[in-house]
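Only a predicted model underlies this, so the values are computations on that prediction, with no experimental measurement involved. The basis for the numbers below is simple: all heavy atoms, side chains too, and nothing from hydrogens, waters or symmetry mates.
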Amino acid sequence: MSRNSKLISDKLREEIAKELGVYDQVKQDGGWGNVPSKTCGNIVTKAIEIANRTAENS
């Protein structure tokens, strides 16, 4: 898989970041570069939970 491919949409990632309280940091810094890896892992975990719920409801 290409390194540039999107696993989750930017919109979903931003929504989760807002929910976790880190989106303001992303906006202030102008990108995701300064977001701690633990926080990025939490975003991925939340995205997986959402995907699982969506799959269960289908």
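- A distance of 7.0 Å separates CD1 of Ile8 from CD1 of Ile43, quoted to the nearest 0.5 Å.
- Residues Asn34 and Val26 form no side-chain contact, since every pair of their non-hydrogen atoms from C-beta on lies 4.5 Å or further apart.
- In this structure, CG in Leu12 is found 10.5 Å from NZ in Lys46, a value given to the nearest 0.5 Å.
- Looking at Glu15, its side chain never comes within 3.5 Å of a backbone N or O of Asp10 through a donor-acceptor pair.
- The closest side-chain heavy-atom distance from Asn52 to Glu49 is not below 4.5 Å.
- With values rounded to the nearest 0.5 angstrom, Thr39 atom OG1 is found 9.5 Å from Trp32 atom CH2.
- No continuous path of hydrophobic side-chain contacts links Leu20 to Ile48 [ILVMFWY only; heavy atoms under 4.5 Å].
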